[in-house]
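Report on the following structure.
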Amino acid sequence: MQNLYDLSGRVAIVTGASKGIGASIAHGLAAFGASVVVSSRKQEAVDEVAAKLQKAGFKAIGIACHVGDPEQQENLISKTLEHFGKLDILVNNAATNPSYGPVNETDSGLFDKIMEINLKAPYLLANRAFPHLKESGYGSVINISSVEAEVPSLGLGLYSVSKAALISLTQSQAKEWGPYNIRSNAILPGLIKTKFSAALWQNEKILQMVEKNLPLGRIGKPDELAGLAVFLASDASSYCTGSNFRADGGYLIAG
């Protein structure tokens, strides 16, 4: 059964992988044998993560990419193929949330920015990856959504909308790409202790309120997402596609 999780010989791209959830997923995939492309906006940051993986004996390189830039997306794919010769796994993790407040007080510019990074970028990058995933004969797309997609919190309206749309995109990919043995699934994290969500967990009042209502009594750590990503990238999940996998400490059943 352990061989089901073996990713040896497979190549993965992880966006937003310079820190937090993305860096943890990159480490998890590499630890199970995948050759990993660590990607984020700054070359120095991705090189640092890739160097740590290499030092641990794993196969990894860093390729900078602002996912909102189509040319940089093309470069990410072409450099991956140039270095590793194939592509099997795409983890769309990069995201943004520059807005906190009521949806009616958010201007259209912020709406466009959130949708561009959280929805359009995963859509375009997956489309660019599609022919290579198809050629590999084995493809796994993992879109990092959020529990906010299912139960929006006050103040996170547009972020929630973008993550809900990402789930719909995941299901469309699963339905259309299944005949090519390409699977697409979504991971829905709850509140995870990362820089991205610092405004929430660094607020002691909010943190206490969240942890009080969570069945597990605490917020999550980035490394607690890695195992789920390995599962979805590997043969262990070979019959899973179009599904949402929550990692939220019980948030959505807390009531």
Side-chain angles (χ1 to χ4, degrees), residues 14-25 39-41 65-69 73 90-126 141-173 184-207 209-211 213-214 219-222 224-225 228-229 243-254:
V14 184
T15 68
S18 63
K19 57 184 178 296
I21 291 173
S24 292
I25 288 176
S39 185
S40 193
R41 287 180 297 174
C65 175
H66 187 307
V67 293
D69 186 323
Q73 284 192 4
L90 172 63
V91 182
N92 282 311
N93 172 68
T96 189
N97 184 34
S99 172
Y100 183 85
V103 292
N104 61 294
E105 295 179 5
T106 307
D107 64 49
S108 61
L110 281 174
F111 177 92
D112 290 342
K113 181 175 181 179
I114 291 171
M115 296 304 164
E116 179 184 43
I117 301 301
N118 295 0
L119 180 61
K120 186 177 180 180
Y123 154 74
L124 290 176
L125 188 56
V141 177
I142 304 171
N143 293 317
I144 309 301
S145 180
S146 170
V147 293
E148 295 296 328
E150 297 191 342
V151 182
S153 298
L154 291 174
L156 294 175
L158 291 186
Y159 176 78
S160 301
V161 170
S162 71
K163 291 300 188 176
L166 185 58
I167 287 176
S168 184
L169 175 64
T170 300
Q171 294 170 340
S172 295
Q173 291 169 338
S184 184
N185 293 285
I187 294 177
L188 281 59
L191 181 55
I192 308 297
K193 192 173 184 179
T194 65
K195 184 177 179 180
F196 183 83
S197 63
L200 297 175
W201 58 262
Q202 286 183 348
N203 184 313
E204 194 63 32
K205 183 177 180 180
I206 293 176
L207 179 62
M209 180 179 65
V210 170
E211 292 186 329
N213 292 322
L214 284 173
I219 65 173
K221 298 173 289 187
E224 292 181 296
L225 278 295
L228 189 50
S243 296
N244 301 331
F245 293 83
R246 301 171 185 165
D248 64 354
Y251 173 75
L252 289 182
I253 62 169

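- Of the inter-residue distances, the one linking Ile167 atom CD1 with Ser162 atom OG reads 10.5 Å to the nearest 0.5 angstrom.
- Applying the side chain to side chain contact (heavy atoms under 4.5 Å, CB included) rule to Ile117 yields the partners His66, Val67, Thr96; only residues at least two apart in sequence or on another chain are considered.
- Looking at residues two or more places apart in sequence or on another chain, you find a side chain to side chain contact (heavy atoms under 4.5 Å, CB included) between Ser243 and Asn185, Phe245.
- Considering all non-hydrogen atoms of both residues, Leu214 and Gly250 come closest at CD2-C, 4.4 Å.
- The distance from the CD atom of Glu148 to the CG atom of Leu252 is 9.0 Å, given to the nearest 0.5 Å.
- The structure places CG of Asn93 at 10.5 Å from CD1 of Ile142, a figure rounded to the nearest 0.5 Å.
- Taking CD of Gln173 as the reference point, atom CG of Leu169 lies at 4.0 Å (rounded to 0.5 Å).
- Contact of the Leu156 side chain with the Asn97 side chain is registered, since non-hydrogen atoms from C-beta on lie closer than 4.5 Å.
- Residues Ile144 and Leu225 have side chains not in contact (no heavy-atom distance under 4.5 Å, counting atoms from C-beta outward).
- Among Thr106, Val161, Leu158, the single residue meeting the side chain to side chain contact (heavy atoms under 4.5 Å, CB included) criterion with Ile114 is Leu158.
- Gly220 and Glu224 make their closest contact through CA-OE1, 3.4 Å (heavy atoms, listed as atom of the first residue, atom of the second, distance).
- Residues that satisfy the side chain to side chain contact (heavy atoms under 4.5 Å, CB included) test with Ser172, not counting sequence neighbours, are absent from this structure.
- Listed by first then second residue, pairs satisfying salt bridge (Lys or Arg N to Asp or Glu O under 4.0 Å) with a partner in residues 150-164 read Glu150-Arg246, not counting sequence neighbours.
- When all heavy atoms of Asn118 and Ala95 are compared, the closest pair comes out as OD1-CA, 3.2 Å.
- What you find for Leu90 and Ala126 is that their closest heavy atoms are CD2-CA, 3.6 Å.
- Not a single salt bridge (Lys or Arg N to Asp or Glu O under 4.0 Å) links Glu116 to another residue, sequence neighbours left out.
- Nearest heavy atoms, Ile192 versus Pro222: CG2-N, 3.5 Å.
- When all heavy atoms are compared, the tightest approach of Ser40 to Gly16 is OG-CA, 4.2 Å.
- Taking 4.5 Å as the limit, some side-chain heavy atom of Pro122 sits within range of a side-chain heavy atom of Leu166.
- Taking CG from Asn92 and CG from Leu119, the interatomic distance works out to 10.5 Å, rounded to the nearest 0.5 Å.
- Take Thr170 and apply the side chain to side chain contact (heavy atoms under 4.5 Å, CB included) test, not counting sequence neighbours, and it matches Asn143, Ser184, Ala186.
- Of the possible polar contacts, one joining the Thr15 side chain to the Ala94 backbone as a donor-acceptor pair under 3.5 Å is found.
- Separation of atoms CD (Gln73) and OG (Ser39) is listed at 9.5 Å; rounding is to 0.5 Å.
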